[in-house]
Asks: 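If you scroll down you'll find the structure; I have some questions about it.
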Amino acid sequence: MSDQNQYLKSSRLIAAHYGEEYEHYYNAVVPPIFMNSLNVFETLDDYYDFDRRDKHKYCYGRVQNPTVRILEDKICALEHGVGALAFSSGMAAAVTAVLTVCRAGSHVVCIRNAYGPLKDFLSGYCREHMNIATTYVDGDRLEEFEESISEGTDLVILESPSSVVFSLQDIRGVAEIAGRRGARVYIDNTFCTSVYQQPLDLGADIVMHTTSKYIGGHSDVIGGMLAVKDPELMKRLLSYRELFGGIPGPMEAWLMIRGLRTMEVRIEQHQASAMAVARFLEQHPKVRKVNYPGLPSHPQYELMKRQQSGNTGLLSFEIKGTAEDAAKLAESLKIFKIGVSWGGFESLVFLPHARLTEESCRLLRGDKNIIRIHCGLEGTEALISDLENAFLQI
Ligand SMILES: *Cc1c(COP(=O)(O)O)cnc(C)c1O
């Protein structure tokens with residue numbers, strides 16, 4: 001790392017310049033994609049004695065790669081961690097974290113509105129193959145965590161704001177309870193990004209991102225990240241990533257570095273559009289409820305202001321109408337395309353609960369008709385007018 005890196009404190013400077021070593025790449029302002037699977041050595045001693053954390057020593061692409069390392073250094077600095085690791089998907093990052101912290105017979109506490117496939121992993125694979133028990137909580141009240149985290153709990157899984165309904169957890173409060181009982185706190189920080197929320201500073205142990213969303217930012221890459229503040233945990237994660245094999249390819253890492261450079265300016269625009277769209281929806285006569293933590297009407301607005309400095313482009317709403325109306329609204333939109341995922345330049349609409357049972361919807365606190373939208377970068381006025389027109393169809 002060059003000396004000037006210690007002066008790169010702001011998130012924009014980190015995204016632009018931190019972790020880069022221009023002098024090693026002929027002063028190219030953009031680092032190369034190190035498209036190699038191995039590095040060679042002069043002597044056997046050089047090979048056997050090398051330190052895997054030394055950023056000028058590499059041996060094999062499943063262990064580490066210089067392009068991947070630049071991405072990790074930037075994420076580590078942005079999240080105020082001691083280390084960060086890149087993965088080939090958000091799920092590869094999440095699964096590596098769970099399998100590193102937990103063992104057979106572990107107890108996990110997880111919020112009910114966490115990302116669906118992670119819950120499938122916990123309630124399916126982890127329960128069936130490792131006898132890991134998961135207790136699900138709504139997560140809005142600290143008392144629930146007091147009641148469900150015990151001395152036998154190894155991991156608490158948060159996602160704040162959560163998927164689909166955007167409910168928050170008090171990160172500092174949960175970290176205090178978990179800390180007293182020796183459990184690690186993991187949080188999915190994909191919605192806020194490091195720009196609007198820094199969970200390690202609030203007491204969390206592991207921050208996870210799917211870089212397929214805002215970090216990539218252009219809907220052209222799948223990837224994940226973990227950042228941690230405990231060097232021991234970092235060492236174990238590094239060795240398990242090597243064993244599980246989840247490192248991303250250098251091309252993907254390079255795309256994530258490129259995405260990071262503009263992330264802050266992009267999410268400011270996503271936030272501005274989402275805020276205007278949320279206000280438009282909130283006053284629309286056909287809308288029953290809007291879920292967006294940036295709205296003062298959000299039930300946890302005060303908590304939001306304590307632990308986040310902003311919100312991004314994703315929100316959901318429920319209409320006054322039938323399931324058919326909700327589907328028709330989604331299909332009448334022209335700019336918002338029907339699709340999962342989010343965090344790219346494009347606006348998207350999805351009905352995440354459309355095929356769930358009434359019972360699951362009740363537990364997840366979102367109507368069967370709940371409509372999730374991602375406000376992309378096509379311009380606020382265009383997005384509102386697209387919604388206005390679609391409402392005329394129902
Ligand atoms: C998309 C998503 C994930 C999974 O990330 P992948 O890169 O698709 O594996 C995890 N958490 C949240 C909140 C997501 O939206």
Side-chain angles (χ1 to χ4, degrees), residues 68 71 75 79 84-99 110-125 136 139 155 157-169 171 185-197 199 204 206-227 241 244-249 251-253 255-256 259-260 263 267 270 274 291-293 308 311-316 339-344 346-353 364 366 370 372-376:
V68 174
L71 171 68
I75 298 283
E79 291 288 351
L85 287 172
F87 291 85
S88 55
S89 70
M91 278 304 290
V95 164
T96 301
V98 172
L99 295 180
C110 178
I111 65 149
R112 212 170 260 123
N113 290 99
Y115 182 64
L118 178 58
K119 290 185 292 179
D120 294 343
F121 174 66
L122 293 168
S123 302
Y125 185 90
Y136 290 99
L155 185 63
I157 296 181
L158 307 181
E159 187 184 318
S160 183
S162 69
S163 284
V164 186
V165 294
F166 309 103
S167 57
L168 275 59
Q169 301 97 56
I171 301 166
V185 176
Y186 162 109
I187 179 167
D188 184 326
N189 199 26
T190 306
F191 175 94
C192 279
T193 80
S194 57
V195 177
Y196 291 149
Q197 181 165 269
I206 305 175
V207 171
M208 175 270 185
H209 288 279
T210 157
T211 52
S212 321
K213 311 294 164 58
Y214 286 120
I215 292 176
H218 296 76
S219 301
D220 54 9
V221 64
I222 296 284
M225 294 293 314
L226 295 176
R241 181 184 65 176
F244 299 157
I247 196 170
M251 180 72 202
E252 283 73 16
L255 284 168
M256 295 179 232
L260 258 188
M263 180 171 78
I267 64 173
H270 285 292
N291 302 304
Y292 186 61
Q308 298 175 210
N311 288 278
T312 51
L314 197 66
L315 60 115
S316 67
V340 295
S341 194
W342 46 276
E346 77 284 26
S347 292
L348 293 165
V349 58
F350 191 55
L351 270 64
H353 292 181
L364 294 175
I370 196 164
R372 187 187 76 180
I373 54 174
H374 177 249
C375 297

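In each ligand, atom 1 is the first atom listed, and ligand 1 is the first ligand listed. As the structure is a computational prediction, the values presented were derived from the model and not from experiment.
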Asks: So which protein heavy atom does atom 15 (O) of ligand 1 come closest to, and at what separation?
Replies: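 Ranked first by proximity to atom 15 (O) of ligand 1 is Lys213 NZ, 2.6 Å.
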Asks: Nearest protein heavy atom to atom 13 (C) of ligand 1, by residue and atom, and its distance?
Replies: Asp188 OD2, 3.3 Å
Asks: Quick check on contacts: which atoms of ligand 1 are under 4.0 angstrom from a heavy atom of Gly223?
Replies: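 In order of number, 7 (O).
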Asks: Which of the atoms in ligand 1, numbered in the order shown and given with their element, are less than 4.0 Å from a heavy-atom of Glu159?
Replies: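 This gives 13 (C) as the contact atoms.
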Asks: Quick check against the 3.5 Å criterion: does Ser89 have a side-chain atom that pairs as donor or acceptor with the backbone of Gly223?
Replies: no
Asks: Which bit of Trp342 gets closer than 4.0 Å to ligand 1, counting heavy atoms only: side chain, backbone, both or neither?
Replies: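 The answer is the side chain of Trp342.
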Asks: Treating His374 as the side-chain partner and Glu346 as the backbone partner, does any N or O pair qualify as donor plus acceptor under 3.5 Å?
Replies: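 Such a contact is found between His374 side chain and Glu346 backbone.
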Asks: With heavy-atom distances below 4.5 Å as the criterion, would you say the side chains of Ile157 and Leu122 are in contact?
Replies: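 Ile157 vs Leu122: side chains touch.
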Asks: side-chain contact (heavy atoms from CB on, under 4.5 Å), that's the test. Do Tyr214 and Trp342 meet it? Break it down for me.
Replies: CA-CA 8 Å; Tyr214 286 120; Trp342 46 276; 3.4 Å; yes
Asks: Out of Ala93, Ser212, Ala92, who is nearest to atom 7 (O) of ligand 1 when you count heavy atoms only?
Replies: Ser212
Asks: What protein heavy atom lies closest to atom 9 (O) of ligand 1? Include the residue and the distance to one decimal.
Replies: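 Protein heavy atom with the smallest distance to atom 9 (O) of ligand 1: Met91 N, 2.8 Å.
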Asks: Applying a strict 4.0 Å limit to heavy atoms, is Pro117 in contact with ligand 1?
Replies: no
Asks: Got the closest protein heavy atom to atom 6 (P) of ligand 1, with its distance?
Replies: Gly90 N, 3.4 Å
Asks: Could you tell me whether the side chains of Tyr115 and Thr210 share a donor-acceptor contact shorter than 3.5 Å?
Replies: no
Asks: Any donor-acceptor pair under 3.5 Å linking the side chain of Ser163 with the backbone of Ala114?
Replies: no
Asks: Checking the side chain of Asn113 only, and the main-chain atoms of Val164 only, is there a donor and an acceptor separated by less than 3.5 Å?
Replies: no
